[in-house]
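A quick write-up on the structure given underneath.
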Amino acid sequence: MTHKNVEFGIDSFADISNDAQGNPVAPGQVVRNVVEEAVLADEVGVDYLGLGEHHRSDYAISSPDMVLANIAGRTTNLRLSSSVTVLSSDDPVRLWERYATLAALSNGRAEIIVGRGSFTESFPLFGFSLDDYGSLFEEKLDLLDKLRTQQPVTWEGTFTQSLNDVTLHPELESDDPLPMWVAVGGNPESAIRAARHGLPVIVAVLNGPHARFAPIADRYRQSLAEFGKPGLPVGFQSSGFIAETDDEAKEQFFEPWRDYMTKLGRERGWMAPSRAQFELEIAQGSLFVGSPESVAGKLAKVIELLDAGRVTIRVSTGVLSHELIMKSIELYGTQVIPRVRELLG
């Protein structure tokens, strides 16, 4: 397969960060910084922006569509998406309406990435039980997909409201459905579910080698064929950071990454990572950290390995400063993306 049409994106979770002097940045300023990062990404040729949904103190964005609406008015080409919307604790009707409105504001650049969510704070916050974790997602994905493709919709739900011949507004200006992807981890069943709906997938590679996710991509493509669906893209998302040299990138990124992973590890039962593990994640694992040439070379190899149609680099990590994120985005757009395209031919 040729890779002429690979999309290159960035994700941000709007981590509560420090400024260049190491002082904490207020959440409101973090949100405004994310907008500036998106504007720069658009200017330097990045194709896609995704904003994560979180409801906890270490991230600043709980309503990605609100921030994306602001970004829509200041950008021209960026595709704008959630990354991810925690569908299990959302309302598919309201979700479709919000992103249809974003599509209007952005001249058709809106899309949705839905997932079950690796953070679960939204469930009790919005009145849902974690006992229904899987069932909520299954039913709401079914409803949202029907709202995308079959309006007017008649629907009888268990966890969702019943609908009788409903058409939602605003109507899309395109005849195509509102674009939607499904975020998956290491569970083949999630990929099979997405294939059954005929939806593209993006694989979250948080640690370890990308090669261990190749079977997920293969199973997804096999399932598409079994369900009689057309071929669809597979994307992947991993963390990354780019500086002028490999050494500079490692020194600037290590402490924010280590502290972030240590905090997350305390919640999930992981050991605090060492410098040796950090170096191994760069050399053989999920991290895209280094000079433009180093990052481009690794990206090209993983794109070919997974036969990927979209690459997304998470640019925010812990207290990593806005200034360093901006420089990383600039190098990604101006040097890494052109070099990857060159390597892929």
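In what follows, every heavy atom counts, from backbone to side chain, and hydrogens, waters and symmetry copies are set aside. All values derive from a computational prediction rather than experimental measurement.
Of the residues listed (Glu138, Glu226, Glu189), the one engaging Arg196 in a salt bridge (Lys or Arg N to Asp or Glu O under 4.0 Å) is Glu138, and it is the only one. When the options Thr149, Asp91, Leu178, Leu95 are evaluated for a side-chain contact (heavy atoms from CB on, under 4.5 Å) with Leu144, the one that passes is Leu95. No option in His322, Glu244, Gln252 other than Glu244 meets the side-chain hydrogen bond (donor to acceptor under 3.5 Å, both in side chains) test with Lys327. The only option from Leu168, Leu147, Thr167 that meets the side-chain contact (heavy atoms from CB on, under 4.5 Å) definition with Pro152 turns out to be Thr167.
Checking Asp11 against Thr312 by side-chain atom types alone, no donor-acceptor pair falls below 3.5 Å.
Applying the 6.0 Å contact sphere to CD of Glu171 captures no more than 12 heavy atoms from other residues, nucleotides or ligands. Few gaps surround CD on Gln222; more than 12 heavy atoms of other groups in view lie less than 6.0 Å from it.
Ionic pairing of Asp65 and Arg94 is not present here: no N-O contact between side-chain nitrogen and carboxylate oxygen is shorter than 4.0 angstrom. Salt bridge Arg339/Glu342: present, at least one basic N to carboxylate O contact under 4.0 Å. We find that Arg74 and Glu43 are not joined by a salt bridge, their nearest charged nitrogen and carboxylate oxygen being 4.0 Å or further apart.
In this structure Phe241 satisfies the ring-ring contact (aromatic ring centres under 6.0 Å, His included) test together with Phe253, sequence neighbours excluded. In this structure, the side chain to side chain donor-acceptor pair (under 3.5 Å) partners of Lys250, at least two apart in sequence or on a different chain, are Glu279.
Arg116 places no side-chain N or O within donor-acceptor distance of the main-chain N or O of Ser190, the cut-off being under 3.5 Å. Checking side-chain atoms of Lys298 against main-chain N and O of Ile282 turns up a donor-acceptor pair under 3.5 Å. Not a single donor-acceptor pair under 3.5 Å links the side chain of Glu330 to the backbone N or O of Met326. Side chain of Glu281 to main chain of Ser286: a donor-acceptor pair is present (N/O by atom type, distance under 3.5 Å, no hydrogens or angles). Looking only at distances, a side-chain donor or acceptor of Ser174 sits under 3.5 Å from a matching main-chain atom of Asp176. At least one donor-acceptor pair closer than 3.5 Å links the side chain of Glu53 to the backbone N or O of Val86. A donor-acceptor distance shorter than 3.5 angstrom exists from the side chain of Asp42 to the backbone of Thr76, with no hydrogens or angles considered.
Taking CZ of Arg219 as the start and CG of Asn187 as the end, the distance is 11.5 Å to the nearest 0.5 Å.
A chain of hydrophobic side-chain contacts below 4.5 Å, direct or via other Ile, Leu, Val, Met, Phe, Trp or Tyr residues, connects Val93 to Phe137.
In this structure, the ring of Phe123 has its center less than 6.0 angstrom from the ring center of Tyr133.
In this structure, Phe278 and Trp257 have tilted ring planes: the angle between them lies in the 30° to 60° band.
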